Amino acid sequence: MKHTKLFIFSILSVLLSLPTLAQDTLPKAKSIFWEVKGPGVKKPTYLFGTHHLHDYGFINQNKIILDKLKKADIVAGEILIEASNMMKVAMASVMPNKRLNQLMSEKDYKATDECLRKYMGTGVQLFSSFKPIAIYQMIMLKKYAKTLNMNLEKTGNSSMDEYFQRSARNLNKKLIALETVEDQIKVLYDGKPLDKQVDLLLEMVYDKDSLASQEIVKLNRMYKQQDLDGLHKLMQKTASEDELKTLLVERNKKWIPKIEELLKSGKSAFIAVGAGHLPGKSGVLHLLREKGYTISPLKIKL
């Protein structure tokens, strides 16, 4: 496979939004839940590292998570998960002037059709106007569920991130985003030219449950172990510095001023973002430490 590293990196970035550049200053404690205190912080803020497809049933078994969420004045996520934003994402996933058969050979188009029938239950014709990266993501999510015997319909296809935002609304909390949906669309759908998107899609199409499944199992195990160090090292093996900088690291840097505003607001905030945003020299935890804040792990069970 010519683009195997990029293939694995894309699996990780979709599920965890994993960033990083260097292997030092990693959080040694195994936790996905962190408390932030420091000078000028009247009430602590909490950082929770999500896995966009992991079963979130464990949250209700951890009183500390529910307690901090209920006591928070503000809940923050990467973007606001709401109908208008999801419509923008849906529109961004479509190619207005191209069709998939114009971007690949007849052989690859047929293989893509077979793959879609296997995982999505319908052929390529229904998806012909979608960007290759969007089709890749759809197949990847289905493959993830199949590999881990996970029933996505059990949770209404919702994610851990949606759970926290839905809870915030039910608790009448102020809900804010660290970035706009346009920012995320630029990363997820417009970050690669169409020919590179096709390469990535075909890696998934021809993978035949082997490489992707192995990485999915490894990723899921590390998340269950709350092993941010392991996630960090896995990312180091799968992406170049340029890819990480363009797709992920710059987002972390943009988030820090917004997180600092929350820290200095005199209110308590509960921030839920992809777990991969936390570790590493360019991760949120280290960037906040550099600003003089104290970062402490909180013990939870998965």
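Basis for what follows: all heavy atoms, side chains included, without hydrogens, waters or symmetry-related copies. All values derive from a computational prediction rather than experimental measurement.
- When the side chains of ILVMFWY residues are joined at heavy-atom separations under 4.5 Å, either directly or via intervening members, Leu126 and Met140 end up in a single hydrophobic cluster.
- The aromatic rings of Phe127 and Phe130 sit tilted, their planes meeting at an angle between 30° and 60°.
- Of the possible donor and acceptor atoms, one in the side chain of Lys173 sits under 3.5 Å from a partner among the backbone N and O of Lys70.
- At distances below 3.5 Å, at least one donor-acceptor pair connects side-chain atoms of Asp55 with backbone N or O atoms of Gly57.
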task: Give the intermediate values and the outcome of side-chain contact (heavy atoms from CB on, under 4.5 Å) for residues Met104 and Leu201.
output: CA-CA 10 Å; Met104 59 177 62; Leu201 171 59; 4.0 Å; yes
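- At distances below 3.5 Å, not a single donor-acceptor pair connects side-chain atoms of Glu114 with backbone N or O atoms of Ala111.
- For the pair Lys291 and Ile256, the minimum side-chain heavy-atom distance is below 4.5 Å.
- With Glu179 as the partner, the salt bridge (Lys or Arg N to Asp or Glu O under 4.0 Å) test is satisfied by one option alone out of Lys258, Lys186, Lys253, Arg251: Arg251.
- Put simply, CD1 on Ile271 and CH2 on Trp34 are 14.5 Å apart, with the number rounded to the nearest 0.5 Å.
- Residues forming a side chain to side chain contact (heavy atoms under 4.5 Å, CB included) with Asn60 (at least two apart in sequence, or on another chain): Leu66, Tyr163.
- If you check the side chains of Asp73 and Ser268, you find no donor sitting under 3.5 Å from an acceptor.
- Hydrophobic clustering (side-chain heavy atoms under 4.5 Å, transitive across Ile, Leu, Val, Met, Phe, Trp, Tyr) keeps Ile79 apart from Met87.
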Full working for side-chain contact (heavy atoms from CB on, under 4.5 Å) between His54 and Lys224: CA-CA 9 Å; His54 195 284; Lys224 283 186 175 181; 3.5 Å; yes
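- When the shell of 6.0 Å around CD of Gln125 is examined, it contains 12 or fewer heavy atoms from other residues, nucleotides or ligands.
- Contact of the Leu103 side chain with the Tyr109 side chain is not registered, since no non-hydrogen atoms from C-beta on lie closer than 4.5 Å.
- A distance of 11.5 Å separates OH in Tyr136 from CD in Gln197, rounded to the nearest 0.5 Å.
- Between Phe270 and Phe48, the ring-plane angle classifies as parallel under the 30° and 60° cut-offs.
- Listed by first and then second residue, the side-chain hydrogen bond (donor to acceptor under 3.5 Å, both in side chains) pairs involving residues 98-108 are Ser105-Asp108, Lys107-Tyr206, Asp108-Tyr206 (not counting sequence neighbours).
- Taking all atoms of both residues into account, the shortest heavy-atom contact from Val94 to Lys131 is O-CE, 3.7 Å.
- Electrostatic pairing of Asp207 and Lys143 counts as a salt bridge here, judged by a charged N lying under 4.0 Å from a carboxylate O.
- With hydrophobic clusters built from ILVMFWY side chains whose heavy atoms lie under 4.5 angstrom apart, Ile64 shares a cluster with Met160.
- In this structure, Thr50 OG1 and Tyr56 OH are separated by 12.5 Å, a value rounded to the nearest 0.5 Å.
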- request: Could you give me the CA-CA distance, side-chain angles and deciding distance for Arg169 and Glu82, then say whether side-chain contact (heavy atoms from CB on, under 4.5 Å) is met?
  value: CA-CA 11 Å; Arg169 292 186 176 98; Glu82 55 190 14; 3.9 Å; yes
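- Of the possible polar contacts, none joining the Glu35 side chain to the Tyr46 backbone as a donor-acceptor pair under 3.5 Å is found.
- Under the 3.5 Å distance criterion, the side-chain polar atoms of Asn62 are left unmatched by any main-chain donor or acceptor of Ile300.
- Residue pairs meeting the ring pair (Phe, Tyr, Trp, His ring centres under 6.0 Å) criterion with at least one partner in residues 179-201, sequence neighbours excluded, are absent.
- Of the possible polar contacts, one joining the Glu78 side chain to the Gly274 backbone as a donor-acceptor pair under 3.5 Å is found.
- No hydrogens or angles considered: a donor-acceptor pair under 3.5 Å links the side chains of Asp183 and Thr180.
- Taking CG of Leu178 as the start and NZ of Lys254 as the end, the distance is 13.0 Å to the nearest 0.5 Å.
- Contact annotation: the side chain of Val36 approaches that of Leu263 to within less than 4.5 Å [non-hydrogen atoms, C-beta and beyond].
- For the pair Ser31 and Gln226, the minimum side-chain heavy-atom distance is below 4.5 Å.
- Hydrophobic clustering of Ile, Leu, Val, Met, Phe, Trp and Tyr side chains at less than 4.5 Å, counting indirect connections, unites Leu298 with Phe58.
- Two different hydrophobic clusters hold Met95 and Met91 under the rule that ILVMFWY side chains link at heavy-atom gaps under 4.5 Å.
- Contact check for Lys196 versus Pro193: side-chain heavy atoms found under the 4.5 Å cut-off.
- With contacts defined as side-chain heavy-atom distances shorter than 4.5 Å, the pair Pro279/Leu285 does not qualify.
- Rounded to the nearest 0.5 Å, atoms CZ (Arg221) and CD (Gln225) are 6.0 Å apart.
- Expressed to the nearest 0.5 Å, how far CD1 of Ile133 lies from CG of Leu194 amounts to 10.5 Å.
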